[in-house]
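Remarks on the structure that follows.
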Amino acid sequence: MSQFEIIDPAFGRYVLGNAPVKQIATGFDSVEGPVWFGDAGCLLFSDIPSDRILRWTPGQGVSVYRTPSNYANGHTRDRQGRLISCEHGLRRVTRTEHDGSITVIADAFGGKRLNSPNDVAVKSDGTIWFTDPHYGIANNYEGFAADEENPCVVYRLDPRAGSLAVVADEMNCPNGLAFSPDESLLYVADTGRMHSDDPQLIKVFNCATDGKLTGGRHFHTIAPGCADGIRVDSDGNLWSSAADGVHCIAPDGHLMGKILVPEPVSNLCFGGRARHELYFTATTSVYRVTLNRNGVQFP
Ligand code: MG
């Protein structure tokens, strides 16, 4: 079976027939949140149930970056290169400073605790956008079971002003998020509440320079499975997790093709020296494939 499924012939130019879809690490419980550190030559990712952030280094393999990780899920880097992490366990978003110390940048809204920050993206103006669904407090598997104190929404944090604002409250359970290359659009996956019949879809919003979101609308519905993590390449194509691998969706919303793996994919990121390698976490394993395509400069 081919490791690629080409639906739109244009997708054939995005993949390389002699580049393997390679399992680079396995044996985990439930991995998510890959983030590439080109300066350190490694990939960080979360194994949420085992309460660890792990590091994969080419030629060396896997080592522990941080444990306990407070059941960290999604990560990204800010424009100073610092690690930004969503922690289920302490229901907060943190920044790891260059000296290794950890700064809490959000843990409450309106005097009530966040639910379980899930995924995060940083805009070029330094604002930090994250989703806060209930998954990490819905049971004791990937955090600590607890009551929800705030609705499941998307937040925009301005670390300079110290302000936290709700920017989208019309989804059941927002999950992965990513900006278009010019940041005029924000894509947000809505994976619905656990044990519900909520629709699972990717929405897209117009994103104004002042941070306001308007015009939320359906962009694409992933099948099989659903979109958890999403990333955008330099041409504006959206790459999404799915139950059968990674799907590539054109800016007009049509499915162009798939990268197929035998495990459901959770999250993904671009990495490598030209951001031409796609790393993705899939339940028990981490995979990598080299593409003829580059991720946006800042994830
Ligand atoms: Mg997620």
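Both counts, for ligands and for their atoms, begin at 1 and track the order of listing. All residue numbers in this chain count up from 1 along the given sequence.
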Is the backbone of Thr191 close enough, under 3.5 Å, to the side chain of Asn172 for a donor and an acceptor to pair up by distance? no
Under-2.8 Å neighbours of the Mg ion (ligand 1), protein N/O/S atoms only: 3
Strictly below 4.0 Å, N to O, side chains only: are Asp132 and Arg92 in salt-bridge contact? no
Test of ring centre spacing under 6.0 Å for [X] and [Y]:
X      : Y      : value
Phe11  : Phe4   : no
Phe179 : Trp129 : yes
Trp36  : Tyr279 : yes

Apply salt bridge (charged side-chain N to carboxylate O under 4.0 Å, His left out) to the pair Arg52 and Asp47, showing each step before the final yes or no. CA-CA 5 Å; Arg52 297 179 298 172; Asp47 186 12; 3.4 Å; yes
